[in-house]
Trainee: 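Okay, here's the structure, questions in a sec.
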Amino acid sequence: MSQMFRITLPDGSVREVAPGTTPADIAAAIGPGLAKAALAARVDGELRDIGRAFEGDAQLALVTSRDEADALELARHDFAHILAEAVQNLFPGTQITFGPATDDGFYYDFAPKDRPFTEEDLPAIEAEMRAIIARDERLVREVWSRADLIARWNAQGETFKAEWAEELPEGEELTVYRSGSGEDAWLDMCRGPHLASTGKLDPQAFKLTRVSGAYWRGDQKNAMLSRIYGTGWLNKKQLDAHLHKLEEAGKRDHRKLGQEMDLFHLQAEAHGSVFWHPNGYIIWRELEAYMRRAIDGAGYREVKTPQVMDARQWEQSGHWGKYRENMFVIPDEVPNTEDEGPIVSDDADWMALKPMNCPAHVLIFRQGIKSYRDLPLRLYENGCCHRNEPHGALHGLMRVRQFTQDDAHIFCREDQIVAEVRAFCELADRIYKDFGFTYAIKLALRPEKRFGSEEMWDLSENELRDAVVAAGLATEQYGWEELPGEGAFYAPKLEWHLTDAIGRTWQVGTIQSDRVLPDRLDASYVGEDGERHRPIMLHRAIFGSYERFIGILIEHFAGKLPVWLAPVQAVVATIVSDADGYANEAVEKLKAAGIRVEADLRNEKINYKVREHSLAKVPYLLVVGKREADEGTVAIRRLGSQGQEVITLDAAIAMLRDDATPPDLRTA
């Protein structure tokens, strides 16, 4: 009798099974309900196909739709494969490349035979996908030899798949998933796992959303492909909720609202850099003033550092080797002014626009001898940085090439780290609550490629963990979670993930505990023992960048910003020209009270004015006619309200002044 395998279930019970047994067999042995509900399995922690046989003794956990994260990843991966199969059914000769799951769906890249795909093709592709799901085709995992798989792809004219198979490491197991049978079988190279069959998917739980271009392997020198995006869920209810969220997000799109509110624009002459209009820059200035009050109160000292630094500095910091592809480099020489010859010689030294502020702050720290008594030293900068993001990755204010960080670096001793991180946690908590955000806090742990010893990483991670515990934030209420492998190459970090008004999350603030950069850039202080010691460098930001934070605020508030941030806080609008003088008098009094106010004396109907200023998201409209002028009153309309209230001008000024006070300046 062959040796039996011992399979341990989550409740601690053990089942002895023969070789060839699968998780599906165990689910069926437990009961028909579980057999029907089980979608996949975790075998020794690895997510696997439910029909893949055990290879030895193992820990088993069956995955059902209740395990939503795993179930969604499986479903979206399957939707991507079914999308590829549907496209090749409808458009013979189309080559397939790759199709991963994403945070809310999936996509697949194709090399069409005749023409790029368009959004007009999507309904037919959706219908074919539903037909494949209805056929309940089995998804079967197969292991192929490299030579056989490459030959198969070449025979089918799948040059992209053949190229990728040829470049996979020698000795790596090459797996293929087959759906259907016989001559009609469809194959794709994939690590898996997948559901047992296409019929496990809800045919009403997906929607194809758009088509775009994408370069093969993300390289602009390679062939242009057609990328089809979709969103996929476990059931139609989830899909409908997501589509509603997308509809809400469309209404809140900061690019559309930014145009309607005349806040900013972007154009090709400065890819990824923002042209701030007067209204938009008012928001920036209010945020900057707010943050300065916060950092002044927390004991920071503001600095300003150069935009361009010598490449040797970036080499020493480690950024030149780890980050150079994202840096704008500049030759350190006078360009050739002759018509002939290269503009820059081969002998030029190189400089770079700073992609981050930290090395420059170390250079400030190094000026003069620092004592242990000088620490902690908190250096803050509204630092303008540049990163060479691909054109296709740019997105309004959310992803830009030029941005300004609310950046600071705290140089401290070992015994000060936990207290400093805790104080930062409390500062961030107060600031996010001032803007009405809830958040989750997460600890990003050491990545695979990193500087420093294991002992250093252990120490740094534990310090951040201890600080969050001390601040009372390592709880379910604050979404505390640890993220293996997601730290920076030089330090672990705490991350703040804000939740906006429609439930989306945005990773914004961070603090990192760094022992690498002070060492690489030779920062030191004189300790109580008279010897030189390395400071710990805490990198921290709360807004992240002003550009992105403003974009998030616009979408969170759907353009209806809090009064203290609104570019125009009030408009005094006349009903009749007889009230023009009174309107101007009201405007001057409001300005004297510190209100950002404009007059609208145009010869237009009041309903037209109300609609126009509502679209511009002006918080208050003060309507005046002859009666109001005679009585010294205003009819006040709040944004989003249908009614109006008639009050004295003095009462209106007092109300607006109170509403326009920033939250940190309000008295209890």
Side-chain angles (χ1 to χ4, degrees), residues 37 39-40 47 63-84 86-87 98-109 117 119-134 194-195 198-212 214 227-257 393 395-396 398-399 437-440 442 479 481 497-508 548 551-559:
L39 302 174
L47 191 62
V63 174
T64 71
S65 59
R66 291 183 178 181
D67 305 296
E68 191 166 288
D70 284 340
L72 279 170
E73 184 177 353
L74 287 161
R76 288 164 180 166
H77 200 174
D78 281 19
F79 280 128
H81 274 241
I82 292 169
L83 165 61
V87 166
F98 296 107
T102 65
D103 287 343
D104 63 2
F106 55 94
Y107 69 80
Y108 212 106
D109 289 346
F117 296 128
E119 294 191 2
E120 284 69 33
D121 296 317
L122 299 186
I125 297 172
E126 284 186 351
E128 179 63 16
M129 289 176 68
R130 292 192 173 95
I132 293 169
I133 293 170
H194 283 277
L195 298 173
T198 62
K200 293 287 187 181
L201 295 168
D202 183 340
Q204 303 304 319
F206 79 94
K207 182 174 179 57
L208 301 183
T209 54
R210 61 190 176 95
V211 179
S212 73
R227 176 174 293 179
I228 299 178
Y229 288 91
T231 184
W233 300 85
L234 299 179
N235 52 60
K236 189 175 186 301
K237 182 179 179 181
Q238 287 182 341
L239 173 65
D240 288 344
H242 177 70
L243 294 178
H244 176 71
K245 184 184 287 188
L246 288 181
E247 183 182 354
E248 281 298 308
K251 295 175 186 176
R252 295 166 179 265
D253 190 318
H254 72 280
R255 295 165 299 179
K256 177 176 73 75
L257 291 171
H395 179 71
M398 302 304 193
R399 192 161 184 181
F437 286 115
T438 58
Y439 63 83
K442 304 179 188 298
E481 184 181 0
H497 296 250
L498 307 188
T499 300
D500 72 9
I502 58 173
R504 297 172 299 179
T505 58
W506 307 89
Q507 197 267 297
V508 181
R548 187 164 175 268
I552 293 168
L553 287 175
I554 292 169
E555 297 203 0
H556 176 61
F557 290 109

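Remember, predicted model here, so these are calculated numbers, not experimental data.
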Trainee: Please enumerate all residues that pass ring-ring contact (aromatic ring centres under 6.0 Å, His included) together with Y108, with sequence neighbours excluded.
Mentor: F110

Trainee: I'd like to check the side chain to side chain contact (heavy atoms under 4.5 Å, CB included) partners of T64; sequence neighbours left out, ordered by chain and number.
Mentor: L34, A37, R66, D67

Trainee: With H81, which residues qualify under ring-ring contact (aromatic ring centres under 6.0 Å, His included), at least two apart?
Mentor: H77, H194

Trainee: Which residues satisfy the salt bridge (Lys or Arg N to Asp or Glu O under 4.0 Å) test with D240, sequence neighbours excluded?
Mentor: K236

Trainee: With sequence neighbours excluded, tell me which residues meet ring-ring contact (aromatic ring centres under 6.0 Å, His included) with H395.
Mentor: H254

Trainee: So, using ring-ring contact (aromatic ring centres under 6.0 Å, His included) as the criterion, who are the partners of H556 when residues are at least two apart?
Mentor: F437

Trainee: Which residues pass the salt bridge (Lys or Arg N to Asp or Glu O under 4.0 Å) test with E73, not counting sequence neighbours?
Mentor: none

Trainee: Using side chain to side chain donor-acceptor pair (under 3.5 Å) as the criterion, list what pairs up with E128, not counting sequence neighbours.
Mentor: N89

Trainee: Test of understanding: with salt bridge (Lys or Arg N to Asp or Glu O under 4.0 Å), list the residues that count as partners of D202, not counting sequence neighbours.
Mentor: none

Trainee: For A393, give me all partners under side chain to side chain contact (heavy atoms under 4.5 Å, CB included), at least two apart in sequence or on another chain.
Mentor: P390, R399

Trainee: Report the residues that fulfil side chain to side chain contact (heavy atoms under 4.5 Å, CB included) with A214, sequence neighbours left out, ordered by chain and then residue number.
Mentor: D109, R227

Trainee: Both conditions, 6.0 Å and 45 degrees, for the charged tip of R76 above the ring of F206: are they met here?
Mentor: no

Trainee: Among all residues two or more places apart in sequence or in another chain, which pass the side chain to side chain contact (heavy atoms under 4.5 Å, CB included) test with K251?
Mentor: E247, E248

